[in-house]
Structure formats: C-alpha cells, structure tokens
Amino acid sequence: MSDLRDLARNASAWPFQEARGLLDERLKGQAPAKGFVLFETGYGPSGLPHIGTFGEVARTTMVRRAFELLAPGIPTRLFAFSDDRDGLRKVPDNIPNKEMVTQHLGKPLTAIPDPFGTHESFGHHNNARLRGFLDSFGFEYEFQSATDWYTSGRFDEGCLQVLRHYDPIMEVMLPTLGEERQQTYSPFLPVCPKTGKVLQVPVVERNVEAGTIVYKDEDGSFVEAPVTGGRVKLQWKADWAMRWFVLGVDYEMSGKDLIPSYQLASRICRIMGGTPPMNLSYELFLDEKGQKISKSKGNGLAVEDWLCYAPPESLALFMFQKPKAAKRLYFDVIPRTVDEYLTFLDKFPAEDDAKRLNNPVWHIHHGKPPQPETGLSYNILLNLASVCHAEDRAVLWHFISRYVPGATPVSAPILDRLVDYAVAYYKDFVKPGKRYRLPTADEAKALSDLAAELAALPAGSDAEAIQTVVYEVGKRHPAFAELKAWFQALYEILLGQDQGPRMGSFIALYGIGETVALIRRALAGEDLAV
RNA sequence: GAGCGCGUAGCUCAGUCGGUAGAGCAACUGACUUUUAAUCAGUAGGUCAUGGGUUCGAAUCCCAUCGCGCUCACCA
C-alpha cells in the first residue's frame, strides 16, 4: 500500500500535482491544527446549480481523493458554502411570483419568502436545490449556510478581526475601486433593522473596543451597529477572506474570472493573520462558437442536457480533462467524451499502478472503476439506434446481442444504461428528422409483393434468407432500374431516412410480422412518423 | 491596460514528469457474384504558429515574436 503512496508522489495527473502542492507547500507535510484539511466550494446567491457547479465539486473531490492517497493519516472535509446571506440584487427571470420577490430586493436571500412556496425562504429553497443537485451525483460534502454562520455568532471573531484591521484592509481595497465607489466603500454591509435590507453605505466611525461601527443610513441618519451577531455581513471580497480565516480553508478552486478577487481576498486574509487557501483557477466553458457560456444567453449545454444523453461519469471525465484550458462545451462533445471514458475504462485493468493513477477513471471512480464490458462504443450505439428504429430498448438489445454474442443487460450494465441514452438520443434528435414519404404506384406494387413474400416465409428465417427475398422482389419489379433505387425506396418509405441497415438483418431483428405490418401501414397511406 | 489560455493531418482534437508524430471523422483504392455500412484490407495527408536558447536529443522545458480567444477593471 505504501507503494501506491510513493507512486502518488510522482503521478503527473493534475489532481496529484495539486494534492502534493497542498501537502508540501501549504501544510508542510503536517495535519493542520484544526485536525483536518478543509476543501471548500462556494455558491453565489443567484445560483441555481449549473454545469460549473458540478465541475467545481467534481474537480475539488478529485484533488481531495488524491490527497487522501498521499496523506492517509490526515482527515479531510469538503464544505459546500452557500452565500445565502447576500442581498438579492435583481429578480431572476426563471421564478414565479416575481412581483412579490421584487418587494424584497436588497434583503438577504434567507429573509425573502420562497417564491416557490415550498421552503422557509428563497435562500432555503436555493440551498435545497443545490443539495439535491449535489446529492444526485453522490458527492460527499458538508453543506454550510452563510446566514447560519453569521447569525449564530460563529463569524463574530472574523468580523471583529476585520474591524481591528480596518485601515490596512481599506488600503488594499480602495485602489481597486472606481472613484465613485471609493466614496461609499466599506467592508461592512449592515443589515438594516428597519427595512431588513443589506446596505451599501459609508462607515463614518468605528469603535474597536465596543465592536461597533457607525454608518450613514439611506435616510441620512447615523446608526451604530455591532459587527457581530449577524448585524452586518461583509462585502464579498472581505467576506471570502474572513471565511478563509475563520474556517481555515486549505484549498479552493475558482473560475479564472475570479483571479483578481482571489488575489485581493488573499491579501486581506493575510492582514487578518490568516493564510489564504491554495487556489486553482480553472478556465470557463465556451460554446460551439467559442463564446462564453452564460445562463442568461442560454447558449452552451446544461447539465440536464448532458445527463439526458450520457452518464454522469462521462461528464466527470470532461471535467477531469485539462481544467486550465478553455473547453468548448456543446452537444457534439457528448458522444465523444462517452467513448473516451469507455476507452480509459477498457485500458485500466491491464495498466500497472503507476499508470492507473494517471488514468482519468481512477479519479472519476475514486480508485475503483467498474469492470470494462463489451468494447462497443457509444457512437456505434447511436448509429445503431438511428438506423434500426430503436424507440424501444429491446430492439436495440436484439441488435447488440447479435453484434456481441453473450452480451445481456445483466452482464453489461454500463452498456445497458447507454442503450437507454441512445434511445433518448434517437427520440430527440433522429426521429424528428425523419421524413417518411408515401410509395408511388410502382413502389406500392413491389411493397405489396414483398409483404406477401415475407408473410410466406417460414417462421425463424434467418437474415440471409430474408435478404434474398428482398433482393429478388426488387429484381422482378422493372420500376427499379438499379437495385439501389429499391433499397432507397424502402428506407425512405419505411424508415423515413435515405440510408439504413442491411434490410435482411433489420427485418430479422425487427420481426417479420412487424415488418409486414409496417409495410401494410405504408400501403394504407398511414403516417409512419406517428 | 493587466491576467490567463490556445495555435499539432482537410475538420475536431489526443499526445501522461523530453526519447522516431497519433485517434476519430472526412478523402482515396480494393474486397464481399446483394443497395447500404455498426464490415474487412490498404493509401495519402503535418517544417507540431515563427525565431532563438537549454539538451546527446524538444510538439513537450525557457525566452521572444506573430495570430486567435477569453477574463478582469461597476457587482457577486
């Protein structure tokens, strides 16, 4: 086992590089005084969970697992921290009861009634969504609420520390702000006792002994408030720094848009006497055209889109690959990523331990990937679903068992799941593109002939025998100068596409009786698309 | 302006601590006395953006240049 640990010291996969940096540079090889290593991921207030949320937790977990292999004696924890004390700045478009929420603008999310009517507050609602999302992937984490930390007094010491170091913190912050904002900036945002809103107002006096500040209220009056007990929250960069200080966060990732914020928060954290966490800034995702993905634009892919057509492991692989390179995230990458996942899975058993630690599936499955199965790729499955009318998983399985003898849903559970994804893909992308046409008079004659011949075949005829029948029927109808036109007609009329599978194989698996029925429907002028 | 990333085959990209350039798709050739391709065999295509440096050896490490893109300068 210690061998594996040695290998982990040399593994080049990025989670190991990160974990080594954390252990050697930040921790100097020792468990921190608090007794465990703390990983953190943060969530903004507007935030319904999205694909970046998944990426951040998945990647942080990969570093955490790598760390655990490197330093098995040091416990680790992962906090998922929700900024639910933040004031709501604007009403999201995607919620009900917007008028009601509008009346509460500026209040902490946890002080706004839940527009969905299901939870104690809007903040609680979003928190529940976040947790449900993370739980659906089986992530191991501990949820934390900013409101909770502030109002319970657990942030008191942090807020007092900011008060004690007010001037140097202001010196760091002010040069980064525009002239106008400099006039009103303070790291403290009081929560107004009258309106309940989070105020961005100037602080005119500070009393370190008493632990209070005096601020100029929106109505012009001066109000003295303690910085403790949740009466103030901190402006976000100071908030971030204070949280690192109080919790002792050791590792936190963030998008590259937060690089300047991270640097600023780090300086504040040091002023307070803390050590900022080790940070990895990952690249943002781009859409097909290389534009930044944003929820408001609606470009790019949502997690739900991905998970409709591919398993979460493939999404985890996407997150594992090159976190520091801007990656295009659009539909076409899904099948490719699934197949890369399958390839890595296939290679894993034959690899030695050193190679295994660099294999993405080690990181996706925490060192214990499932057994590889049939070697059948997802792209093949998708093609198969497209050509064989696969609205039913059973139809697809018929084809698969011919292609991979012995494969069953029980012996190949991964493939079995992929079958469902392929069927979903077929229904959503292939089927709508199908254009069935009615047969011409000549084609109708030939089809009628074919139906009769097929019906006359002995039950259990094999694909070759059926193929011969199809071929001969086509040959004896002079309407088809080339046989190619006959097959083309079959595809267009029966399958609604200009290409298709070898008809003999298709009919054998789809069923002779079913095919005859399909032909009869076409002859009757029914719409096969229904 | 500051920061970050990218530049490898026609297209999309791999390339795991430096050791003779790879995959998928596309293209081309041939095979299966049956269209088709989830078939098989084979072919072609790259001065690894450019110029230097380190090295016995560089797509890989360092520096510079060019090109493309993103992020941040108000808020979180």
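Each chain gets a letter, A, B and so on, in the order the sequences are listed, and its residues count up from 1.
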> Rounding to an integer number of angstrom, what distance separates C4(B) and G45(B) when you compare their C1' atoms?
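Comparing C1' positions in C4(B) and G45(B) gives a spacing of 34 Å.
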> Side chains of Asn279(A) and Ser254(A): is there a donor and an acceptor less than 3.5 Å apart?
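Yes, Ser254(A) and Asn279(A) have a side-chain donor paired with an acceptor closer than 3.5 Å.
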> Kindly assign one of parallel, tilted or perpendicular to the pair Trp244(A) and Trp240(A), based on the angle between their ring planes and the thresholds 30° and 60°.
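Plane angle between 30° and 60°, so tilted.
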> Taking CG from Leu234(A) and P from A76(B), how many angstroms apart are they, rounded to a whole number?
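Spelled out: CG on Leu234(A) to P on A76(B) is 11 Å.
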> Can you tell me which nucleotide in C72(B), C4(B), A76(B) comes closest to the side chain of Ser261(A)?
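For the Ser261(A) side chain, the nearest candidate turns out to be A76(B).
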> Atom CG of Leu284(A) to atom P of G5(B): distance rounded to whole Å?
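The answer, rounded to whole Å, is 14 Å.
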> In plain terms, say whether Glu443(A) and Arg437(A) are close enough for a salt bridge, that is, a side-chain N and a carboxylate O under 4.0 Å apart.
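A salt bridge links Glu443(A) with Arg437(A).
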> Looking only at side-chain N and O atoms, does Asp84(A) offer a donor or acceptor that is under 3.5 Å from a partner on Thr110(A)?
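Side chains of Thr110(A) and Asp84(A): no pair found under 3.5 Å.
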> Can you classify the ring geometry of Phe79(A) versus Trp149(A) as parallel (below 30°), tilted (30 to 60°) or perpendicular (above 60°)?
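The arrangement is tilted - the two ring planes meet at 30° to 60°.
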> Output the rounded distance in Å from CG (Asp339(A)) to C1' (A23(B)).
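Between C1' of A23(B) and CG of Asp339(A): 12 Å.
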> Is there a Watson-Crick or G-U wobble partner for U55(B) with both distances under 3.5 Å, and if so, which one is it?
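Paired with no nucleotide.
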> Quick check for you: among G69(B), U34(B), A76(B), whose closest atom lies nearest to any side-chain atom of Glu283(A)?
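Selected nucleotide (nearest to the side chain): G69(B).
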> Provide the distance between the two P atoms, one in C62(B) and one in G1(B), to the nearest whole Å.
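To the nearest whole Å, 24 Å.
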> For Lys324(A), answer base if it contacts any base atom (sugar-phosphate contacts may also be present), sugar-phosphate if it contacts only those atoms, and nothing otherwise; contact means non-hydrogen atoms under 4.0 Å.
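If one applies the 4.0 Å heavy-atom cut-off, Lys324(A) turns out to touch the sugar-phosphate alone, with no base involved.
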> If you restrict it to nitrogen or oxygen atoms, what contacts under 3.5 Å exist between nucleotides 10-19 of chain B and the protein, and what is each distance?
{"from": "U12(B)", "atom 1": "O2'", "to": "Arg336(A)", "atom 2": "NH1", "distance (Å)": "2.7"}
{"from": "U16(B)", "atom 1": "O2'", "to": "Ser12(A)", "atom 2": "OG", "distance (Å)": "2.1"}
{"from": "U16(B)", "atom 1": "O2'", "to": "Asn358(A)", "atom 2": "ND2", "distance (Å)": "3.4"}

> With ring centroids as reference points, do Tyr421(A) and Tyr309(A) lie under 6.0 angstrom apart?
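When the ring centroids of Tyr421(A) and Tyr309(A) are compared, they turn out to be at least 6.0 Å apart.
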> Given that Gln263(A) and Lys256(A) both sit by RNA chain B, which one's nearest nucleotide is further toward the 5' end?
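Going by which nucleotide is closer to the 5' end, it is Gln263(A).
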> Figure out the CD/P separation between Gln182(A) and C74(B), and round it to whole Å.
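From Gln182(A) CD to C74(B) P: 10 Å.
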> May I ask you to establish whether Arg243(A) and Phe81(A) are in a cation-pi arrangement, using a distance under 6.0 Å from NZ or CZ to the six-membered ring centre and at most 45° from the ring axis?
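Ring-cation test returns yes.
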> Base, sugar-phosphate alone, or nothing: which one does Glu180(A) contact when heavy atoms must sit under 4.0 Å apart?
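No contact.
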> Is Ser281(A) touching bases, backbone alone, or none of the nucleic acid, heavy atoms closer than 4.0 Å?
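Nothing, no nucleic acid heavy atom in range.
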> In whole Å, measure the gap between the P atoms of G22(B) and A44(B) for me.
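It works out to 13 Å between them.
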> Suppose we define a pair by two distances each less than 3.5 Å, Watson-Crick or G-U wobble; what does A41(B) pair with here?
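Looking at the geometry, A41(B) pairs with U29(B).
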> Sticking with atom C1', work out how far A23(B) lies from C48(B), rounded to a whole angstrom.
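A23(B) and C48(B) have their C1' atoms separated by 16 Å.
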> What is the distance, to the nearest angstrom, from the CG atom on Leu174(A) to the P atom on C74(B)?
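Atom CG in Leu174(A) sits about 12 Å away from atom P in C74(B).
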> What is the distance, to the nearest angstrom, from the OH atom on Tyr282(A) to the P atom on U71(B)?
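Whole-Å distance recorded here is 14 Å.
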> Return the pairing partner of G69(B) with a 3.5 Å limit on both distances, Watson-Crick or G-U wobble; otherwise return none.
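Partner of G69(B): C4(B).
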> In the strands shown, is C17(B) matched to any nucleotide by a Watson-Crick or G-U wobble pair with both distances under 3.5 Å, and which?
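Answer to the pairing question: none, since C17(B) forms no Watson-Crick or G-U pair.
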> Across all strands shown, which nucleotide pairs with U36(B) by Watson-Crick or G-U wobble geometry, both distances under 3.5 Å?
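Across any shown strand, U36(B) pairs with none.
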> Rounded to whole angstrom, note down the P distance from U65(B) over to A59(B).
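These two P atoms come out 22 Å apart once rounded.
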> Between C40(B) and G24(B), how far apart are the P atoms? Round to whole Å, please.
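Nearest-Å result for G24(B) against C40(B) at atom P: 11 Å.
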> Ion pair present between Arg393(A) and Asp416(A), side-chain N to carboxylate O less than 4.0 angstrom?
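Asp416(A) and Arg393(A): salt-bridged.
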> What is the distance, to the nearest angstrom, from the OH atom on Tyr378(A) to the C1' atom on G24(B)?
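One finds 17 Å between C1' of G24(B) and OH of Tyr378(A), rounded.
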> Paired with A9(B) by Watson-Crick or G-U wobble geometry, both distances under 3.5 Å: which nucleotide is it?
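By the stated definition (distances under 3.5 Å), nothing pairs with A9(B).
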> Using 30° and 60° as the class limits, which term best fits the ring planes of Phe54(A) and Phe133(A): parallel, tilted or perpendicular?
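Rings of Phe54(A) and Phe133(A): perpendicular, over 60°.
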> Could you measure between the two P atoms, the one in U29(B) and the one in C66(B), and give it in whole Å?
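About 45 Å, rounded to a whole number of Å.
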> Under a 3.5 Å limit for both distances, which nucleotide forms a Watson-Crick or G-U wobble pair with U47(B), could you say?
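Result: none.
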> Give the nucleotide from the list A76(B), U71(B), U34(B) with an atom nearest to the side chain of Asp86(A).
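For the Asp86(A) side chain, the nearest candidate turns out to be A76(B).
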> Tell me what Leu258(A) touches on the nucleic acid: a base, only sugar-phosphate, or nothing, going by heavy atoms under 4.0 Å.
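Base, at least one base atom sits under 4.0 Å.
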> Roughly how many Å apart are A58(B) and U50(B), using the C1' atom of each and rounding to a whole number?
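To the nearest whole Å, 16 Å.
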> Using atom CZ of Arg181(A) as one end and atom C1' of A76(B) as the other, report the distance to the nearest whole Å.
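Rounded to the whole Å, the gap is 11 Å.
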> Once you round to the nearest 0.5 Å, how far does CG of Asn359(A) lie from NE2 of His365(A)?
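That separation rounds to 9.5 Å.
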